[in-house]
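Nothing here was measured: the structure is a model prediction, and the numbers come from that model.
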Amino acid sequence: MSRLLTISDIYLEGRSEEVWQPIINGVSLTLDKGEVLGLIGESGAGKSTLGLAAMGFVRDGVRIKSGTVNFDGTELTTASAETKRGLLGKRIAYVAQSAAASFNPAHRLIDQHIEAPVQHRVRSRSESIQDGMDLYARLRLPDPDHIGFRYPHQVSGGQLQRAMTAMAMACRPDLIIFDEPTTALDVTTQIEVLAAIREIVEQFGTAAIYITHDLAVVAQMADRIKVLLKGDEVEEADTRTMLSTPKEDYTKSLWAVRGFTRPVKPPVPAGQTPLVSIQGVTAAYGKAKVLEDVSFDIPSGRTVAVVGESGSGKSTAARCITGLLPPVEGQILFDGAPLPATYKKRSKDQLRQVQMIYQMADTALNPRMSIGQIIARPVQFYMGLRGSALRNRVNDLLNQIELPPEQYAHRLPSELSGGQKQRVGIARALAAEPRMIICDEVTSALDQLVAEGILRLLAKLQDELGLAYMFITHDLATVRAIADSVVVMKDGRVVEQGTKEEVFNPPHHPYTDLLLSSVPEMDPDWLDNLLSSRGVDNIGDEAADKISVES
C-alpha cells in the first residue's frame, strides 16, 4: 500500500469566551490507500475534530495551532481555498453524524447527491442520477429509483443517513471520513450498510477514517484502531491486537462497559390502570398508512422499549401519543381518560405530562440560545419560575445530567459534543416534571461509557419520580439493560410484545429472531460469519448482486 494521509503532531484549539483551550494535543496518524482507521473514545475526546482536520477543515471557533496534514502530497493546512475546493467532494468526502442537520431541506435528495460529481465533472447529470439510484439500492434504501426525488423531511432518520453515505460515495473518493455513519440505523439495516461500505472501500481502494463509539462496529470495519481521550492519544494497534490485548487502563475500561442491567421489577398488579394506553391506533401520512391497529400499554414507573427497523412505525407511534399526528382510528388514554387526538386541543397540564427527548439533538436545540436558556424555557412555561428560583432549577437540571452549570450554562449548542447535546435534551424534558418521557434513541449519539451513565441516571429518576418511559431504540443492548417490557414493530404493526424475558427468550417471532441475531459482537469475524450463515457473499440481497458499483 502507498501512503495517502499523514497527520503530524497536530494541535487544535477551541475558543471559549475569547480564551483558546486545547482540543487535540499533538496527535499523529498515517493512513494508506485502501486502509480503514477506527477512531474511538468517549464523547468530547476529539474524534470528530480530528476527522475534520484530516480534510484540512476546522469548525467555527476552532483553529489549528501547529502541525501538518499532508494528503497525497498536498499540505492541507496551508493549501489555498481553490486547491481545497478541487479536493473536497471529489477526492475527500465526509459522512456526518447527523444527516438531518446536514442536508438542505429545500432541495431533493438526488439534487444534493449529484452536485459533487456534476461540478467536479466526474459524470454528467443523467449519469449521476442513475449512479445515485444504484448507490441507493446498494445501501438498502427503499424504492431506490424514486426515493431520491423526496425532500429530506420525507424520509426517516435512518434512510437519510444512508442517503448521505451514498452522496459521499458519489465521486468514488480516495478518502472518506465516516463520522458515526450507522448511529441512526437499526441493527438489520446497519449490517447491510456496513457490508456495502466495506465492499466499496475494498473494490476501489478507498481509505477511510471511521469514527464511532460502537466498539463492535469498529471491530468489523477497521484495520487499525486509535483510542483518544480528551484530545490525547491513548494507544493505537491493529484491530485484533487492540481487541484481544489492549495495553492502557482506559482502553480496557471501554472494552468492559455495558455492565449495567436494571433489576427485574415485580409484575404490574392485575387491574392497575396503565398511565398510557394505545388502543387500536391506525395512522397515516396522507393516504399512506404508517400504523395499523397498534395497541400496547405503558404503566407508571415502568420502561416499555419499542424496537424495530427504520420505518417500522416506532417514532410515528410516539407522534400519535404526543398529539403531533392524530390517529385515523383508535385512541390514546392517559390515566384512563382519552387524550384529545391533536396537541392543539390539549391543556397545558396534559402537554406537560408527556415530554419527548428527540433522536437528533443537532436539530432539536435552538442554535442561537445558550444551554441555560434552552433548559429554562420549559421551566418558565410550565412552572412559572423566574429570577433566582429559575437559575437554581436550571443548575439542578444541569447537575443531574452531569454537565456542571458553571461550565455549560453559558455555552451554545455548537460548542458541545453530540453526546453533550443529547444530555441537554434530557434535561429539557425533565424540566417540565412530566409523568412520562418518550425517549427517541436518546443514547444513539453517546459513547458507551456516557450512554451507560445516562441509562443509570434515567433508571434513578424513574425510581425517584415514578416516571414511565417509552424507549424507542434499535440498540438491543440498551433494551436488555433498561426495559421492563418490549414491543416489537414491523411495517407499522406490532408483531410481538411481552416482558423482556418473554420476548428475548426462545421461541421468538421470526422477525424478533432476525433482530437479535443482527446485534454486532466484539469479534472482527462476526460480520463475515453472519453474512455467510445467511448465504450472502457480501451485501446481503439477491438484487444487490445485479447492481454494479461502476456507473
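Between the Glu75 side chain and the Val69 main chain, a donor and an acceptor come within less than 3.5 Å of each other. Checking side-chain atoms of Ser517 against main-chain N and O of Asp513 turns up a donor-acceptor pair under 3.5 Å. Counting only distance, with no hydrogens or angles, the side chain of Ser532 and the backbone of Asp528 share no donor-acceptor pair below 3.5 Å. Side-chain atoms of His508 do not come within 3.5 Å of backbone N or O of Leu515 as any donor-acceptor pair. Thr473 places a side-chain N or O within 3.5 Å of a backbone atom of Asp475 that can act as its donor or acceptor partner. Formation of a donor-acceptor pair under 3.5 Å by the Lys47 side chain with backbone atoms of Gly41 is found in this model. Side-chain atoms of Arg411 come within 3.5 Å of backbone atoms of Gln407 as a donor-acceptor pair (strictly under, hydrogens ignored). Panel note: side chain Ser28, backbone Asp9; a donor-acceptor pair is recorded below 3.5 Å. Distance alone, capped at 3.5 Å, is enough to place a donor-acceptor pair between the Thr165 side chain and the Gln161 backbone. When atom types are taken as modelled, the side chain of Gln119 and the backbone of Ala116 share no donor-acceptor pair closer than 3.5 angstrom.
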message: Arg172 vs Asp131, test: salt bridge (charged side-chain N to carboxylate O under 4.0 Å, His left out). Steps then yes/no.
response: CA-CA 11 Å; Arg172 307 299 189 266; Asp131 182 67; 2.8 Å; yes
task: List the steps, then state whether side-chain contact (heavy atoms from CB on, under 4.5 Å) holds for Val95 with Ile176.
output: CA-CA 7 Å; Val95 179; Ile176 302 180; 4.1 Å; yes
message: Please evaluate residues Ile357 and Ile438 with respect to the criterion side-chain contact (heavy atoms from CB on, under 4.5 Å), reporting the C-alpha separation (whole Å), side-chain torsions for both, the decisive distance (0.1 Å), and the verdict.
response: CA-CA 6 Å; Ile357 305 165; Ile438 298 172; over 6 Å; no
message: As a quick check of understanding, evaluate side-chain contact (heavy atoms from CB on, under 4.5 Å) for Leu31 and Ile209, giving each step before the final call.
response: CA-CA 8 Å; Leu31 192 65; Ile209 295 177; 3.9 Å; yes
message: Would Asn70 and Thr6 count as a side chain to side chain donor-acceptor pair (under 3.5 Å) here? Give the steps.
response: CA-CA 5 Å; Asn70 189 288; Thr6 301; 5.7 Å; no
task: Kindly indicate, with the supporting measurements, whether the criterion side-chain contact (heavy atoms from CB on, under 4.5 Å) is fulfilled by Glu248 and Lys252.
output: CA-CA 6 Å; Glu248 302 299 326; Lys252 293 174 184 177; over 6 Å; no
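Within the 4.5 Å cutoff, the side chain of Met489 has heavy atoms near those of the Val306 side chain. Residues Leu215 and Ile40 are in side-chain contact: their nearest non-hydrogen atoms beyond the backbone lie under 4.5 Å apart. Here the side chains of Asp174 and Asp72 are not in contact, with every heavy-atom distance at 4.5 Å or above. Looking at Pro173 and Ile92, their side chains never come closer than 4.5 Å, going by heavy atoms from C-beta outward. You'll find the side chain of Asp214 stays beyond 4.5 Å of the side chain of Thr182, heavy atoms only. Inter-residue side-chain proximity for Val304 and Asp484 is flagged as unmet; no heavy-atom pair is nearer than 4.5 Å. Side-chain contact between Val227 and Met242: present, with at least one pair of heavy atoms (C-beta onward) separated by less than 4.5 Å. At a threshold of 4.5 Å between non-hydrogen side-chain atoms, the residues Asp232 and Leu229 do not count as touching.
Taking every heavy atom of both residues into account, Cys439 and Tyr469 meet most closely at SG-CD2, 4.2 Å. Nearest heavy atom pair, residue Thr30 against residue Glu35, reads O-OE1, 4.3 Å. When all heavy atoms of Asp440 and Ser315 are compared, the closest pair comes out as OD2-OG, 3.2 Å. Taking every heavy atom of both residues into account, Ser128 and Val118 meet most closely at OG-CG2, 3.8 Å. Across all non-hydrogen atoms, the minimal contact from Leu12 to Ala53 is CD2-CB, 4.1 Å. Contact record, Arg59 with Leu52: CZ-CD1, 3.6 Å, taken as the closest heavy-atom pair.
Inspection of the Gln462 and Arg262 side chains reveals an N or O donor paired with an N or O acceptor under 3.5 Å. With no hydrogens or angles considered, no side-chain donor-acceptor pair links Asn25 and Tyr11 at under 3.5 Å. Under 3.5 Å, the side chains of Tyr250 and Glu42 contain a donor-acceptor pair of N or O atoms. Using a 3.5 Å distance cut-off with no hydrogens or angles, the side chains of Gln190 and Ser518 do not pair a donor with an acceptor.
With rounding to the nearest 0.5 Å, the separation of OG1 in Thr443 from CZ in Arg423 is 12.5 Å. Going from atom CG of Leu109 over to atom CG of Leu141 covers 8.5 Å, rounded to the nearest 0.5 Å. The distance from atom OG1 of Thr261 to atom CD1 of Ile482, rounded to the nearest 0.5 Å, is 10.5 Å. Note that CD of Glu236 is 11.0 Å distant from NZ of Lys247, once rounded to the nearest 0.5 Å. In this structure, CD1 on Ile191 lies 7.0 Å from CG on Leu531, to the nearest 0.5 angstrom. The CD1 atom of Ile472 sits 7.5 Å away from atom CD of Glu441, with the distance rounded to the nearest 0.5 Å.
With salt bridges taken as basic N to acidic carboxylate O contacts below 4.0 Å, none links Asp32 and Arg224.
Other residues, nucleotides and ligands place no more than 12 heavy atoms under 6.0 Å from the NZ atom of Lys230. Within a 6.0 Å radius of CG in Asp60, no more than 12 heavy atoms belonging to other residues, nucleotides or ligands are found.
Here Phe178 pairs with Tyr210 under the ring pair (Phe, Tyr, Trp, His ring centres under 6.0 Å) rule; sequence neighbours left out. Residues satisfying the side chain to side chain contact (heavy atoms under 4.5 Å, CB included) test with Lys490, not counting sequence neighbours, are Glu309, Val495, Tyr511.
For the pair Arg91 and Phe71, the NZ or CZ position fails the cation-pi test of under 6.0 Å to the six-membered ring centre and within 45 degrees of the ring normal.
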